[in-house]
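Read the structure below first, then the notes.
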Amino acid sequence: MAEAADFQGTSASPARRWLRRTGALIAGAPLLAGLLQLPAATPADAAGQESPQAASGTGSVSVAVDSLSPSAPTEGDTVTVTGTVTNNGKQPVTDAHVDLRVGPSLDTRSAIDGLAKKSDAVQGPAGEPVGGKYTEKFSKLTPGVAQPFNISVPAEELDLGPDGVYQLAVALSGETAAQPWDQVLGVQRTFLPWQPEEAGTKTKTTFLWPLVSNVHMTAETGSNEQQTPVFSNDDLAEEISPGGRLDQMVSLGKGLDITWVIDPDLLASVDAMTRSYQVRGEDGTTTPGRNQAVAKQWLSELQQAVAGKEVVALPFGDPDLASLAHNGTAVTGSLSHLKEATDAVDNTVQTVLHVKPSKDFAWPVDGAVDPSIMKVATSAGADKVIARSDSLQDDLSYTPSAARPIGGGTTAVVADSRMSTAFQGDLTKASASTLAVQRFLAQSLTLGLQTGKQRSVVVAPQRTPSVSQAQAMAEALGALQGGNWSESQDLSAAAKAKPDPSANRKVPPASAYPSALRKQELPRAAFEQIARTRDKLDNFKVILTDESRVVTPFGRAMNREMSTSWRGRGVAAVGYRDDVESYLDGLIDGVKLIKKSETKLSGRSATIPVTVQNNLVQGVEHLELRLTSKNPTRLKIGGDAYEEQPVTVNGGHSQSVKFTTSANANGRAEVVAQLYTEDGQKYGAPVTFDVRVTEVTATVMLVIGGGVLLLVLAGFRMYTQRKRAAAREAAEDAAEDAAAEADDDVDSPVGAPQNPEAPGDRLKEESEAGSRADAPQQPSDPAPDTAAESADPSGTGERVDR
């Protein structure tokens, strides 16, 4: 029989197992006949040997397989299974024993999925017990108490057949007071890959090892020359500290043949932590960061780990391609952020890691694609998109190679969905981790046995694996790379592999995109806010003497606002965007006009000063200050309705700009001061103030001037008339004096004086008479106590009351 079995392609082990089963049936035939004559059969007897009476569901005893070593045994190995059994019932279990049971081989990948879904169900076949000494017994299982077990079996005793994946069940049997017969009370099924010899054609496997984190850096930087960065929290320090998630990713990945997939934002953030940085607390205050040594150590280990390995760099901040495609393309300028994020890769990855990364790959969330995602993913220069087989599905009986051209020079690299999702969920328990590892290996081996042709398979796990998930990934990948059916391959090589002509190359429509993923996308409002922030930044940077101090941190912050890490954290995403925009608004408001109160114009023309304040640490230039009169018929600025002057202000200083004004009428005139950039865009808020004109107008000045002239002429006429009258009186007096003097000469005696008045007295009287003629003649004309106002225009440098 053995020869016949060998001749038919059956190995010796299955033949021996067939002989043993046949012998057992022959030997048990008399006993079976006797039992059939009994009045009634016990439940245990009715269940049969391979499947004793089992409780419904998962059973009253839980069985946990904490380890299975080796994961993929070969000839000569000893398979060791450890774990625990726990009585979850209310009654003690007596005569309990744990044994291993090998079931039939699982020939399809769907059969593996089906078994995984009912791995702990006691119903259904569990396989034949190995039996013998490879059983661990318990006299009693107390309710609620876990009992460990450890069973080691030589691989040859498992009677495994041809290459393939076998069901390995760990079953606990025993009795209870209510059911005093031997029965299966708990079971845990797992998978045992069996490939004892080197495969003639090995599967080429590419495993992506992602280094991606949440957003940690803000747009805020210090005012010092180094621009000390500010972190929103200190969570990144925990991730890169010994035992942290990212520390484990680097430590575990160091010894594996993997393709590193890295977000440059993570490198930039850790690199910033190697120097002085600040951490914002919950109360809004910042404190100095103290994890420089941790950051330096992590970067050093990462540099060693990636040396000689392929590094694929995502765009800076790992932008959410699906959100951008579905909600962002309608917002002007959104795609430009993706291009900037791609351009920022070289200055980050090469500078920090000293390796040249590949920028040819785009990775949408969970590899889910549609035409719009493909278009956006390749818009920034990538010509290869990492999709997943549950999105770009194939209707084939086997798994084709990952690479497939989809037109337009774009290659879809389709990752295997079963293997990529094998390490999701809670793997903190050793039993869950062990099952994930064995299932991953089972899927890989079954895939390789589907055809005799070599294929390239890509595994793209979740972006941010937890520590337990990363440990399970490393364990599975280590076993796979030590197995006999697979060999490692870089992602670039997988993308260049010859595509399967039967593989699907049609991108699914937008309607096929998973609704669960669509609900997590960034809304259109997010991209509108990003665009608004970008417009403000563009308007702000043109006035700066060193725009790099602002453009770089805010540009990177806007890349982070589009990050895939915001999925499922909508409130945090809104808060981050608000913080970025409000901080930019504060910087913009650092350059502003000082408010003015009502201004009094005390001259027909005067100078109005307007002050520009710069609270930034750097100077500003390329600004124009425009002063506009809302009532130019009453008040003109620089001879027109408005005037513009260039503005340059050093950092931390203020500058007053003076405008010449001219008044045409009394009253109030509204004036608006507004800053503009050189390209004509308004900058900052305007300042509006009133100018009260108190200087008279030109017409009134003419009237007043005419009146003054008439008064002067009237006074001059009165003066000449009075002067002529005085002259006539003086002439008449002189004539009278002469006549009297002649009379005196005739009548007076010889030698007597002819004029009793002295000549000096007469001159004195004439002088006094002249003075009286010049003096005011009317008591109603008092002398003025103020000087007459001048009608000339006021000087341009006249000070103005404010």
Using a strict threshold of under 4.0 Å (side-chain N to carboxylate O), is an ion pair present between [Y] and [X]?
{"X": "R404", "Y": "D394", "result": "yes"}
{"X": "D95", "Y": "K137", "result": "no"}
{"X": "R109", "Y": "D416", "result": "yes"}

Side chains of [X] and [Y]: is there a donor and an acceptor less than 3.5 Å apart?
{"X": "S119", "Y": "Q188", "answer": "yes"}
{"X": "D490", "Y": "S492", "answer": "no"}
{"X": "N87", "Y": "Q147", "answer": "no"}
{"X": "N88", "Y": "T86", "answer": "no"}
{"X": "S563", "Y": "S565", "answer": "yes"}
{"X": "E239", "Y": "S213", "answer": "yes"}
{"X": "Q297", "Y": "E301", "answer": "yes"}

### Task
Have a look at S391 and tell me which of S417, P364, P508 forms a side-chain contact (heavy atoms from CB on, under 4.5 Å) with it.
P508
Counting N and O atoms only, with roles assigned by atom type, does the side chain of [X] sit under 3.5 Å from a partner on the main chain of [Y], one being a donor and the other an acceptor?
{"X": "Q195", "Y": "E197", "value": "yes"}
{"X": "W485", "Y": "T203", "value": "no"}
{"X": "R455", "Y": "L447", "value": "yes"}
{"X": "Q454", "Y": "K204", "value": "no"}
{"X": "D426", "Y": "T428", "value": "yes"}
{"X": "R245", "Y": "P465", "value": "yes"}
{"X": "T564", "Y": "D318", "value": "yes"}
{"X": "D66", "Y": "A430", "value": "no"}
{"X": "R189", "Y": "A121", "value": "yes"}
{"X": "W566", "Y": "A572", "value": "no"}

Measuring from atom [atom1] of [X] to atom [atom2] of [Y], what distance do you get when rounded to the nearest 0.5 angstrom?
{"X": "L211", "Y": "M249", "atom1": "CG", "atom2": "CE", "answer": "5.5 Å"}
{"X": "W194", "Y": "N484", "atom1": "CH2", "atom2": "CG", "answer": "10.0 Å"}
{"X": "D99", "Y": "I151", "atom1": "CG", "atom2": "CD1", "answer": "7.0 Å"}
{"X": "T84", "Y": "F149", "atom1": "OG1", "atom2": "CZ", "answer": "7.0 Å"}
{"X": "L266", "Y": "L299", "atom1": "CG", "atom2": "CG", "answer": "8.5 Å"}
{"X": "D159", "Y": "E128", "atom1": "CG", "atom2": "CD", "answer": "8.0 Å"}

#### Entry: Test side-chain contact (heavy atoms from CB on, under 4.5 Å) applied to S110 - qualifying residues, sequence neighbours left out
T108, R418
### Message
Could you work out, with side-chain contact (heavy atoms from CB on, under 4.5 Å) as the rule, every residue matching A497, not counting sequence neighbours?
### Response
S456
Could you tell me which non-hydrogen atom of [X] sits nearest to which non-hydrogen atom of [Y], and how far apart they are?
{"X": "A495", "Y": "V413", "result": "CB-CG2, 3.8 Å"}
{"X": "L192", "Y": "S71", "result": "CD1-O, 4.4 Å"}
{"X": "T80", "Y": "S152", "result": "OG1-OG, 3.0 Å"}
{"X": "A305", "Y": "K309", "result": "O-CG, 3.6 Å"}
{"X": "K140", "Y": "P92", "result": "CE-CB, 3.6 Å"}
{"X": "V458", "Y": "S420", "result": "O-OG, 4.2 Å"}

### Mutual orientation of the aromatic rings belonging to F440 and F423 [parallel < 30°, tilted 30-60°, perpendicular > 60°]
tilted
Is there a side-chain contact between [X] and [Y] in this structure, where contact means two heavy atoms from C-beta onward sitting under 4.5 Å apart?
{"X": "D120", "Y": "V63", "answer": "no"}
{"X": "D366", "Y": "D390", "answer": "no"}
{"X": "W363", "Y": "L314", "answer": "yes"}
{"X": "V369", "Y": "R388", "answer": "no"}
{"X": "N214", "Y": "R569", "answer": "yes"}
{"X": "D182", "Y": "H97", "answer": "yes"}
{"X": "Y134", "Y": "P129", "answer": "no"}
{"X": "V270", "Y": "L302", "answer": "no"}

Please tabulate, one pair per line, all N/O donor-acceptor pairs under 3.5 Å involving side-chain atoms of residues 251-262, not counting sequence neighbours.
from	atom 1	to	atom 2	distance (Å)
S251	OG	D247	O	3.0
T259	OG1	E310	OE1	3.1
T259	OG1	L491	N	3.2

### E198 CD: over 12 foreign heavy atoms closer than 6.0 Å
yes
#### Entry: Full working for side-chain contact (heavy atoms from CB on, under 4.5 Å) between F207 and M473
CA-CA 10 Å; F207 201 106; M473 287 163 50; 3.7 Å; yes
## Note on the structure
Exactly one of S488, S444, S486 clears side chain to side chain donor-acceptor pair (under 3.5 Å) with T205, and that residue is S486
### Message
Test side-chain contact (heavy atoms from CB on, under 4.5 Å) on Q462 and T421; report intermediate values, then the result.
### Response
CA-CA 7 Å; Q462 58 273 28; T421 59; over 6 Å; no
### Message
Could you go through V153 and T78, starting from their C-alpha distance and side-chain angles, then the distance that decides it, and tell me whether this counts as side-chain contact (heavy atoms from CB on, under 4.5 Å)?
### Response
CA-CA 6 Å; V153 182; T78 297; 5.8 Å; no
#### Entry: side-chain contact (heavy atoms from CB on, under 4.5 Å) assessment of L477 paired with Q481
CA-CA 6 Å; L477 191 53; Q481 293 173 357; 3.4 Å; yes
